[in-house]
Amino acid sequence: MRKPLLRSFSLRALILPALAFALSMFFGGLLIALSDSNVLHKASHPIAFIKAAGASAGNAYLALFQGAIFDPGLAKPHQWYLAFGPLSESLVGAAPLILAGLSVALAFRAGLFNIGAQGQFIFGAMAASYVGFHFHMPIGIHLVVAALAGTLLGSIWGGMVGLLKARTGAHEVIVTIMLNYIALYFLQWILGTTTFLIPGRNDPIAPPVLQSARLPLLAGSNFRLNAGILVAFAVAVFVWWLLNRTTIGFKFRAAGANTFASKTAGISVPFVMTSAMAVAGALAGLAGAVHVLGDNFQLTSGVAGNFGFDAITVALLGRAKPLGTVLASLLFGALGAGAAAMQAKTNTPIDIVLVIQALVVLFIAAPDVVKSIFRLKSLKTAGGLVSKGWNG
Amino acid sequence: MLTPISLSKPGGNLKKSLKVTGVVAAAALAFAGLALAPASQAATPKVCLALDTGGIDDHSFNASAWAGAQTVKSLANVSYVVADANNPDYTGEVNSLVNNKCNLIIGVGFLITSAIDAAAVKNPTINFAQVDDPGLVNGKAIANLRGLTFATNQVGFLSGYLAAGYSKTGTVATYGGINIPPVTIYMDGFAKGAAYYAKINKKTIKVLGWDPADPKTGVFVGDFSSQNKALQITKNFEQQGADVVFPVAGGLELASAQEAAASKKSVVIGVDSDAYGLYPTALHGVWLNSALKGVGASVAAVIKDQAAGKFNNAAYVGTLANGGTGLAGYHDLAAKVPGSLQNAVRALGKAIATGTVSAN
């Protein structure tokens, strides 16, 4: 029986994440209020204290919202649309995260835990950057070649893990963690070579990618919003199609559900492992390419930031479904963009946003806590993600 | 597809309704807060610092910049933001300050430079200053951007001379955080100062970690946060006979100091701020001296100009002569450093300040 794209992700599945988010915001608000010295000074007067606490948390969240979605203060005469600048920032932050999150999600569905999105991201960024600044090609072709180079290198870096697991039984968690370090230090080394140094400079920053290889801006030069977000959405649909509408996707899911049964049914598990990791690596590599070609432009040793690990979080949050991963990434992109504004406007430490993100994950991982707080009885939490044991 | 959820079943107990009330009250509080937002009346200029990931307690340039801004807080409304350590998006960080209508934005940290440059070009009505950068965009000065630079090769030169004079093994070492100009300028001075000592005193001094003639190599941690790697580098230096180490890596000097305190094989010269007062007292015996960089003084100077309506784009250069850089003091090791060496270092400092000796 075929399930349509949207209905397969029922509204019910959104209730738990939404409640978890609300709870996290509540506890985050408490933390903001209690870390504000203006609030603590009023501790002796309960009413004034509660008012100050509400003002502190309220202002911080208002700034968070203004930094993530819409800030009327940014509008200028005849340029009201500038107020949507923050939304552009959120989407820019979300695009690489969606792609990297899909990488982890797809591997999850095939029963593999891809901790290596970080390393695959780095190789994708490296390849895209090199093609982007070193070669001269016509507009359009240059972009496609650079993005494909990133995808390919990420795919090789990821596929290698699947091959190692299929051939030798080496556990992908260990292998990907180790390969992350190799990728990071390889990046640091290559940034110091003459190929990647800007002529006349010694600092480890690659030259900016040429204009012809950059993702086109979607909303004019006032915004950083670029076609990367469209690529991310398109790839999310592709991953959904791949998993639910193709033979290979069925094999991925079958192997993810039960390796032994799949083997008995005639599915080549080694092939599935290798190809699933290769596709996952390709997605993370493309994420790195989109980051470099869309908003970062210059390769640095910190180019991957924390994308590869945030990717695991959003994939878990999105229950390893493409649409869920996209929504979780948009949320994280918005929180990331809002955090900067919250810090600038209200001096709330940027780390509060990390606390909120961590709490969301915590509450998602412990659905019974949320259910008991909100007295939800009939909400069945689906089996969700089962991380495979060491012999999986 | 929606299944009904029993948020409140009829006749629910008191405990539950209390919980629900709590949540509602919290939400109400949050919205009450929106109305209570104080309207900001900016009679004094709004000065915003864009700090790097270390934040105001990094024991290094971010801390210095913030301390400097604090000295003039009566003149301006000073605040700061810190780059997200996980995903440092400097463009987004600087944009958040532009959007927050700051009058003067000061970029602290070399890595923020290109974001500050871009914002300065885009926002001609806002003034910008950038620490550790001459303040040029494509080689040209622009009206609303001032560079704050430091001739820290001068204090590096003194440190190298001091290290070479103090060393018993004849081997001294330096390493950096990242291979960027504000780091390597110290290392350059250090290597040249040590060589200068060797030349004057006709001794052989070996400098590990940096060779001014080959700026592409050199020992670098790769970041400013990997204490383990800094510790390993310090151990390697000690094994190669170095007994004075000069880490140019912000807070990573702590790792070198811990190694020095544990092995008793080396002493450490601190960087940027006086390390003696920053770390546990157990480490007091390992700080030979500290090479100071007056980030705070430069930040205070540019804020003063802004408040007086005299912002200009002439680059600030901190030198030994104007107190923008210098040695901190010997503290606990004062008795162990020969008086003749202390005098020689003092004289050399004067010679560099007056231009008789060049640190370049």
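Below, chains carry the letters A, B, ... as their sequence lines are ordered, and counting in each starts from 1.
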message = If I take atom OG1 from residue B:Thr91 and atom CG from residue A:Asp295, how far apart are they, to the nearest 0.5 angstrom?
response = 8.0 Å

key: Engaged part of A:Phe307 at the chain B interface, taking heavy atoms whose separation is under 4.5 Å   = both

inquiry  = Give me the atom names and distance for the closest heavy-atom approach of B:Ser96 to A:Ala340.
reply    = OG-O, 3.6 Å

key: A:Asp351 CG to B:Asp84 CG distance, which is reported to the nearest 0.5 Å   = 8.0 Å

remark   = d(B:Cys48 SG, A:Gln343 CD) to nearest 0.5 Å is 11.0 Å

key: Proximity of residues 190-199 of chain A to chain B, residues having a non-hydrogen atom under 4.5 angstrom   = A:Thr194, A:Leu197

ask   = Are A:Pro204 and B:Ile178 side-chain neighbours, meaning at least one heavy-atom pair lies under 4.5 Å?
value = yes

Below 3.5 Å, can you tabulate the donor-acceptor pairs from side chains in residues 89-97 of chain A to any protein atom, sequence neighbours excluded?
from    : atom 1 : to       : atom 2 : distance (Å)
A:Glu89 : OE1    : A:Arg224 : NH2    : 2.7
A:Glu89 : OE2    : A:Arg224 : NE     : 3.1
A:Ser90 : OG     : A:Ala68  : O      : 2.6
A:Ser90 : OG     : A:Pro86  : O      : 3.3

message = Within a 6.0 Å radius of atom CZ on A:Phe70, are there more than 12 heavy atoms belonging to other residues, nucleotides or ligands?
response = yes

query = Can you check whether A:Gly73's main-chain N or O pairs, donor with acceptor, with B:Lys101's side chain at less than 3.5 Å?
reply = yes

ask   = With a 4.5 Å heavy-atom cut-off, do A:Asp203 and B:Asn179 have their side chains touching?
value = no

inquiry  = Could you check whether any side-chain heavy atom of B:Tyr80 comes within less than 4.5 Å of a side-chain heavy atom of A:Asn347, counting everything from C-beta outward?
reply    = no

remark   = Heavy-atom nearest pair, B:Gly222 first then A:Ser301, reads O-OG, 4.0 Å

remark   = Rounding to 0.5 Å, atoms CD (A:Gln188) and CG (B:Asp223) come to a distance of 6.5 Å

message = Report which part of A:Ala22 has an atom under 4.5 Å of a heavy atom belonging to chain B: side chain, backbone, both, or neither.
response = neither

ask   = Within a radius of less than 6.0 Å around CG of B:Asp214, do more than 12 heavy atoms belonging to other residues, nucleotides or ligands occur?
value = yes

Among B:Ile180, B:Thr217, B:Val82, B:Leu97, residue most engaged with chain A (heavy-atom pairs, under 4.5 Å) = B:Val82

message = Counting only non-hydrogen atoms closer than 4.5 Å, does A:Ser221 touch chain B with its backbone (N, CA, C, O), its side chain (CB onward), both, or neither?
response = backbone

remark   = Turns out that what part of B:Phe110 lies under 4.5 Å from chain A's heavy atoms comes down to side chain

